[in-house]
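These notes are about the structure you will find just below.
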Amino acid sequence: MEITKHLLFNLALIMILLFIGLIWFERKRNLTISKWEALLGCIVLLFVCITFSFKPSPSFHFDLRLIPVIIGGLYLGIGPFVSIAVIISRAIYGIDLGLFATTLLYLPLAFILWRLYPWFWKQNSNKRVYIAVLLTFLLSVITVAAMQVFTPPVSLFDAWFAYSLVPALGIAILSYLFEFVRKNLLLRQTALKSEKLQAVEQMGAAISHEIRNPLTAAMGFVQLLMSNTLPRHKQKEYLLIIKEELASAERVIQDYLTFSKPALETVETLQIKRELQQVISILRPTANQHSVEVITYFSLIGSIEGDRQKFHQCFINVMKNAIEAMPGGGRLFVETTYDRSDVTIVIRDTGVGMTKEQIERLGEPYYSTKGAKGTGLGMMVVYSIVKAMNGTIRVKSTVGEGTEFTFQFPSVLSINEPHA
Ligand code: ADP
Ligand code: MG
């Protein structure tokens with residue numbers, strides 16, 4: 001059973017190589033194979049098959065070179081090239097009867113594979129496996145029959161047994177594997193697509209809602225302003241409201257932009273006291289509206305490195321959540337401490353607090369307990385900004401008592417600071 005043994009050994013080698021190829025393919029970013037890569041793969045397989053073939057006489061080589069040809073021809077559409085590669089590589093071993101037989105078999109095969117390829121891919125997955133196996137079986141039978149005509153192989157039974165079993169078995173395994181990988185790949189792509197679509201949908205809904213509300217409100221006040229009978233102080237008040245509404249619409253857009261591109265743009269040294277004071281002044285009207293008293297304890301110095309606009313955005317989001325957590329009013333504490341290595345910022349409220357489960361989900365995109373009023377993006381943006389600034393966040397919260405956020409950023413020395 002020398003021939004069977006050798007063919008099985010060939011098959012084992014092909015499997016090993018294809019397994020390595022599969023790993024390479026898995027790690028590839030675009031998950032496609034170019035014709036050149038396919039051809040190279042098939043030539044490597046051919047080379048291995050021919051190197052480890054069984055050669056009872058110098059002009060006869062028993063091996064599985066049929067497998068790369070079939071796979072290349074039916075699955076990769078490069079049948080003619082692989083067939084020609086077979087003939088060339090066989091010619092390298094000598095111009096003899098074997099080469100003649102090889103050419104006689106592989107030249108028509110090249111043509112058949114070339115014509116078969118488009119039709120093959122119109123069949124369904126199961127049919128493709130059957131077709132590949134059947135074609136291989138037929139070709140193997142032709143191969144042994146042809147061998148018998150030229151010179152009878154060493155053992156007739158062995159040759160027939162090996163050729164009717166091993167190539168077809170190999171192709172069955174390989175084409176099944178191919179179909180399996182292909183199905184998985186398609187599945188993965190559709191999953192990815194639907195996930196993306198879902199994100200876009202949610203985003204669209206949230207954006208239109210979140211931006212439309214302040215715009216509608218602003219429009220209403222503009223309408224009021226257009227009547228000339230308003231007293232001067234009313235006009236001023238309305239203009240302030242309009243400004244606030246537009247600013248809130250702008251913040252939503254900013255959150256979405258940061259959501260899609262969290263990298264810091266301009267890095268500069270930020271004096272946290274000054275920056276936090278600015279943030280508080282932006283939120284002052286909202287705090288007043290909710291009867292929230294803002295209490296601050298700032299350390300005299302303390303600077304960090306970061307993007308000013310993103311830093312503002314981050315703390316606006318945190319403080320806005322704190323204010324929104326105190327619908328009946330309350331106190332918002334903003335404290336900073338400073339040491340050589342870190343700057344610590346604590347934002348504490350006396351609001352509704354969070355359960356353990358809520359804390360765990362904090363920062364998840366679109367996680368909000370505020371129903372139609374929330375976007376569930378605020379904390380996500382906070383986490384991504386803090387991460388980009390090499391900071392950390394700790395959350396402590398008790399339902400009904402309040403929430404405390406502790407931020408820590410690496411501190412830097414600033415020359416502009418007052419010396420303590
Ligand atoms: P949104 O404010 O749009 O709901 P966020 O990402 O800003 O989205 O916040 C997510 C959720 O985290 C909020 O819906 C709220 O349940 C919870 N949360 C955040 N900060 C606080 C806080 N200070 N107190 C209580 N709950 C909070
Ligand atoms: Mg929020």
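Ligands are counted one by one from 1 in listed order, and the atoms in each one are counted from 1 as well. Residue numbers run from 1 in the order of the sequence given.
For ligand 1, the atoms closer than 4.0 angstrom to any heavy atom of Ala322 are 23 (N). The Gly353 neighbourhood of ligand 1 comprises atoms 25 (C), with distances under 4.0 Å to a heavy atom of that residue.
Ion pairing between a basic and an acidic side chain is recognised when a charged N comes within 4.0 Å of a carboxylate O; Glu244 and Arg251 show such pairing.
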Given Lys320 and Glu324, is the salt bridge (Lys or Arg N to Asp or Glu O under 4.0 Å) satisfied, shown in steps?
CA-CA 6 Å; Lys320 218 172 140 257; Glu324 285 165 357; 3.4 Å; yes
Would you check, one step at a time, whether the test side-chain hydrogen bond (donor to acceptor under 3.5 Å, both in side chains) holds for Thr337 with Ser299?
CA-CA 5 Å; Thr337 49; Ser299 65; over 6 Å; no
Given the rule in the salt bridge (Lys or Arg N to Asp or Glu O under 4.0 Å) test, do Glu26 and Arg188 qualify, once you have shown the distances and angles that lead to the verdict?
CA-CA 12 Å; Glu26 262 281 299; Arg188 192 150 70 171; 3.7 Å; yes
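Among protein heavy atoms, the minimum distance from atom 23 (N) of ligand 1 is reached at Asp349 OD2, 2.9 Å. The protein non-hydrogen atom at the shortest distance from atom 4 (O) of ligand 1 is Ser368 OG, 2.6 Å. In terms of protein heavy-atom proximity, atom 11 (C) of ligand 1 is nearest to Tyr367 O, 3.9 Å. Of the protein's non-hydrogen atoms, Asn321 CB, 3.3 Å is the one closest to atom 20 (N) of ligand 1. Nearest protein heavy-atom contact of atom 3 (O) of ligand 1 is Thr375 N, 2.7 Å. Looking at atom 6 (O) of ligand 1, its nearest protein heavy atom turns out to be Met379 N, 2.7 Å. Nearest protein heavy-atom neighbour of atom 2 (O) of ligand 1: Lys370 NZ, 2.7 Å.
With a 6.0 Å radius and a threshold of 12 heavy atoms from other residues, nucleotides or ligands, Arg331 has its CZ atom at or below the threshold.
Ranked by closest heavy atom to atom 15 (C) of ligand 1, the top entry among Val399, Thr369, Thr403 is Thr369. The heavy atom nearest to atom 25 (C) of ligand 1, considering only Lys320, Met354, Arg348, Glu324, is found in Met354.
Under 4.0 angstrom from ligand 1, there are no non-hydrogen atoms of Val382. Contacts of Ala325 with ligand 1, taken as heavy-atom pairs under 4.0 Å, involve the side chain alone.
Taking the six-membered ring for Trp and thresholds of 30 and 60 degrees, Phe178 and Tyr75 have ring planes inclined between 30 and 60 degrees apart. Between Phe409 and Phe407, the ring planes lie parallel to each other; the angle is under 30°, not in the 30° to 60° tilted range.
Taking backbone and side-chain atoms together, Asn321 has an N/O/S atom less than 2.8 Å away from the Mg ion (ligand 2).
Inclusion of Gly378 in the set of residues having an N or O under 3.5 Å from an N or O of ligand 1 is warranted. At a 3.5 angstrom cut-off on N or O pairs, Gln358 does not count as close to ligand 1. The shortest N or O to N or O distance between Leu362 and ligand 1 is not under 3.5 Å.
Minimum heavy-atom separation, Met319 to Val334: CE-CG2, 4.1 Å.
The closest approach between Gly351 and ligand 1 stays at or above 4.0 Å for every heavy atom of the residue. At least one heavy atom of Leu377 lies less than 4.0 angstrom from ligand 1.
Counted by atom type alone, Lys370 and Asn321 present one or more donor-acceptor pairs between their side chains at under 3.5 Å. Side-chain contact of Ser303 with Gln271: a donor-acceptor pair under 3.5 Å is absent, judged by distance alone. With no hydrogens or angles considered, a side-chain donor-acceptor pair links Ser341 and Asp339 at under 3.5 Å.
A donor-acceptor pair is defined here as one N or O able to donate and one able to accept, closer than 3.5 Å; such a pair exists between the side chain of Gln123 and the backbone of Trp119.
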